[in-house]
Number of protein chains: 2
Amino acid sequence: MAEAEWKTCREAPPLNAFCPVRTTLNVLGGKWKLLILSYLLEGPRRYGELKRLVPEITEKMLIQELRELELDAIVQRTVYQQVPPKVEYHLTEHGRRVQPLFEALIGWGQGYLQREQVLTT
Amino acid sequence: MAEAEWKTCREAPPLNAFCPVRTTLNVLGGKWKLLILSYLLEGPRRYGELKRLVPEITEKMLIQELRELELDAIVQRTVYQQVPPKVEYHLTEHGRRVQPLFEALIGWGQGYLQREQVLTT
DNA sequence: CGGAATCCGATTTGATACTG
DNA sequence: CAGTATCAAATCGGATTCCG
């Protein structure tokens with residue numbers, strides 16, 4: 001597919017194999033993935049740290065989302081062979097590239113929150 | 001809560017009422033919401049148009065997600081009293097403000113797709 | 001045309017207990 | 001500490017039927 005095509009591809013499936021919007025949503029759209037990534041952007045985190053930082057998510061979902069992010073080459077898992085065990089998750093290059101997306105996301109949330117303040121006051 | 005606090009709030013619940021990341025994910029994080037919004041950003045769409053543009057989603061989920069976006073003041077529903085009926089969905093001001101978020105989202109997807117090309121070639 | 005209502009099976013998510 | 005295993009609950013999808 002030529003570059004000009006997938007750059008603007010908005011077709012419905014199955015013609016959307018290279019639609020950037022659907023691609024991003026497929027990779028980052030998991031229920032907890034962006035929230036997990038928001039913490040990994042601040043630096044590498046251990047499994048227990050993430051569990052504490054995102055208490056809404058269960059252990060099962062946390063490990064499941066981390067595994068999927070690993071398969072999609074967004075995060076990398078590092079095991080330190082020691083007792084007690086230590087495992088760290090850190091972003092790959094593609095993971096770090098979500099930074100601008102997050103800045104836009106945070107900007108939108110701030111604007112929305114300010115409206116909420118006005119409405120509920 | 002002072003502005004400086006919620007701007008950077010990364011606390012775990014229940015201290016995160018004003019976390020911009022969690023706010024955005026709560027409002028826009030529905031399974032199909034961002035995909036629906038990506039089409040509404042191009043202009044108002046009728047119910048049937050959205051159904052055709054996003055064939056992955058069932059009628060039930062489409063109407064459900066649209067209702068939630070309406071409750072969160074992201075989209076507005078306009079009924080034209082005529083036969084046959086015509087209903088249009090268009091973005092509110094807060095809905096239109098997701099544009100920068102989408103540009104970042106599309107940019108990330110393009111970068112990720114290029115890597116995929118390299119890997120699968 | 002643009003929905004609403006219902007039933008039902010499949011998938012996803014969650015709670016709890018347990019392990020190397 | 002960093003997960004697994006198991007079972008229950010919630011959500012989602014698909015089909016069908018009906019309505020203004």
Side-chain angles (χ1 to χ4, degrees), chain A residues 12-14 16 22 25-40 42-72 74-91 95, chain B residues 12-14 16 22 25-37 39-40 42-72 74-91:
Chain A
N16 67 352
R22 281 182 170 81
L25 292 177
N26 284 341
V27 176
L28 304 181
K31 186 165 181 181
W32 305 101
K33 288 180 183 173
L34 284 171
L35 191 54
I36 294 170
L37 289 182
S38 76
Y39 288 105
L40 291 180
E42 298 170 356
R45 298 287 191 181
R46 297 180 61 169
Y47 177 79
E49 285 184 286
L50 289 172
K51 203 164 65 176
R52 179 177 47 78
L53 290 166
V54 195
E56 307 102 303
I57 184 173
T58 62
E59 296 184 17
K60 189 175 83 172
M61 291 308 297
L62 176 57
I63 198 69
Q64 186 176 306
E65 302 278 80
L66 284 170
R67 294 272 191 268
E68 289 181 19
L69 289 169
E70 205 185 339
L71 283 174
D72 286 328
I74 308 300
V75 309
Q76 186 172 339
R77 180 172 176 271
T78 306
V79 181
Y80 298 86
Q81 289 295 351
Q82 60 183 52
V83 179
K86 176 179 173 181
V87 175
E88 253 184 14
Y89 294 89
H90 63 91
L91 296 180
Chain B
N16 67 351
R22 281 182 171 81
L25 293 176
N26 285 341
V27 176
L28 305 180
K31 186 165 180 181
W32 305 101
K33 287 180 183 173
L34 283 171
L35 192 54
I36 293 169
L37 289 182
Y39 289 105
L40 291 180
E42 298 169 355
R45 298 288 191 181
R46 298 180 60 171
Y47 177 78
E49 286 183 285
L50 288 172
K51 204 164 63 176
R52 178 176 49 77
L53 290 166
V54 194
E56 307 103 303
I57 185 173
T58 62
E59 294 187 19
K60 191 171 79 173
M61 292 308 297
L62 176 57
I63 199 68
Q64 186 175 307
E65 301 279 81
L66 284 171
R67 293 275 189 268
E68 289 183 19
L69 289 170
E70 207 185 338
L71 283 174
D72 286 329
I74 308 300
V75 308
Q76 187 171 341
R77 181 173 177 270
T78 306
V79 181
Y80 297 87
Q81 289 295 351
Q82 61 184 51
V83 179
K86 177 179 172 181
V87 175
E88 255 184 13
Y89 293 90
H90 62 91
L91 296 180

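In what follows, chains carry the letters A, B, and so on, assigned in the order in which the sequence lines appear, proteins first and then strands, with residues in each chain numbered from 1. Here the structure is a predicted model, which means the values were calculated and not measured.
The base of D/dG3 has none of its N or O atoms less than 3.5 Å from a complementary donor or acceptor on the side chain of A/Lys60.
Nucleic acid contact for B/Tyr80: none, since no nucleic acid atom lies under 4.0 Å from a heavy atom of the residue. Across all strands, B/Tyr47 comes closer than 4.0 Å only to sugar-phosphate atoms, never to a base (heavy-atom distances).
Residue A/Ile36 is tested with A/Leu66, A/Val75, A/Ile74 for a side chain to side chain contact (heavy atoms under 4.5 Å, CB included); the sole match is A/Leu66.
Considering only side-chain atoms of B/Pro84, the nucleotide from D/dA2, C/dC1, C/dG3 that sits closest is C/dC1. When each of D/dG13, C/dG20, C/dG14 is scored by its nearest atom to the side-chain atoms of A/Pro85, the top-ranked nucleotide is C/dG20. Between D/dG3, D/dG14, C/dG3, one nucleotide has an atom nearer to the side chain of B/Thr58 than all others, and that is D/dG14. Closest to the B/Arg77 side chain, of the nucleotides D/dG3, D/dC12, C/dG3, is C/dG3.
Rounded to whole angstrom, the span from the CD1 atom of A/Ile36 across to the C1' atom of C/dT13 amounts to 14 Å. Here D/dC1 presents its P atom at 14 Å from CG of A/Leu53, a figure rounded to the nearest Å. B/Leu66 places its CG atom 14 Å from the C1' atom of C/dA4, with the value rounded to the nearest Å. For the pair A/Met61 CE and D/dA2 C1', the computed distance is 18 Å after rounding to whole Å. One atom, CD of B/Glu65, and another, C1' of D/dG13, lie 13 Å apart when rounded to the nearest Å. Atoms CD (A/Gln82) and P (C/dG20) sit 20 Å apart, rounded to a whole Å. Spacing between atom CD of A/Gln64 and atom P of D/dT4 amounts to 11 Å, rounded to whole angstrom units. Following rounding to the nearest Å, A/Glu59 (CD) and D/dA2 (C1') show an atom-to-atom distance of 8 Å.
Once rounded to the nearest 0.5 Å, the distance linking CG of B/Leu25 with NZ of B/Lys33 reads 11.0 Å. Within the model, atoms CG of A/Leu91 and CD of A/Glu42 stand 10.5 Å from one another, a figure rounded to the nearest 0.5 Å. Atom CD of residue B/Gln64 and atom CD1 of residue B/Ile57 lie 8.5 Å apart, to the nearest 0.5 angstrom.
With hydrogens and angles disregarded, a donor-acceptor distance shorter than 3.5 Å links the side chain of A/Glu65 to the backbone of A/Trp32.
Within the 4.0 Å cut-off from OP1 or OP2 of D/dA2, at least one side-chain nitrogen or oxygen of A/Arg46 is found. At the phosphate of D/dT11, neither OP1 nor OP2 sits under 4.0 Å from any side-chain N or O atom of A/Lys31. For the OP1/OP2 pair of D/dG3 and a distance below 4.0 Å, the side-chain nitrogens and oxygens of A/Tyr89 include at least one atom meeting the criterion. Put simply, A/Trp32 has no side-chain N or O that comes within less than 4.0 Å of OP1 or OP2 on C/dT12.
If B/Lys51 and A/Ile57 are placed on DNA chain C by their nearest nucleotide, the residue sitting closer to the 5' end is B/Lys51.
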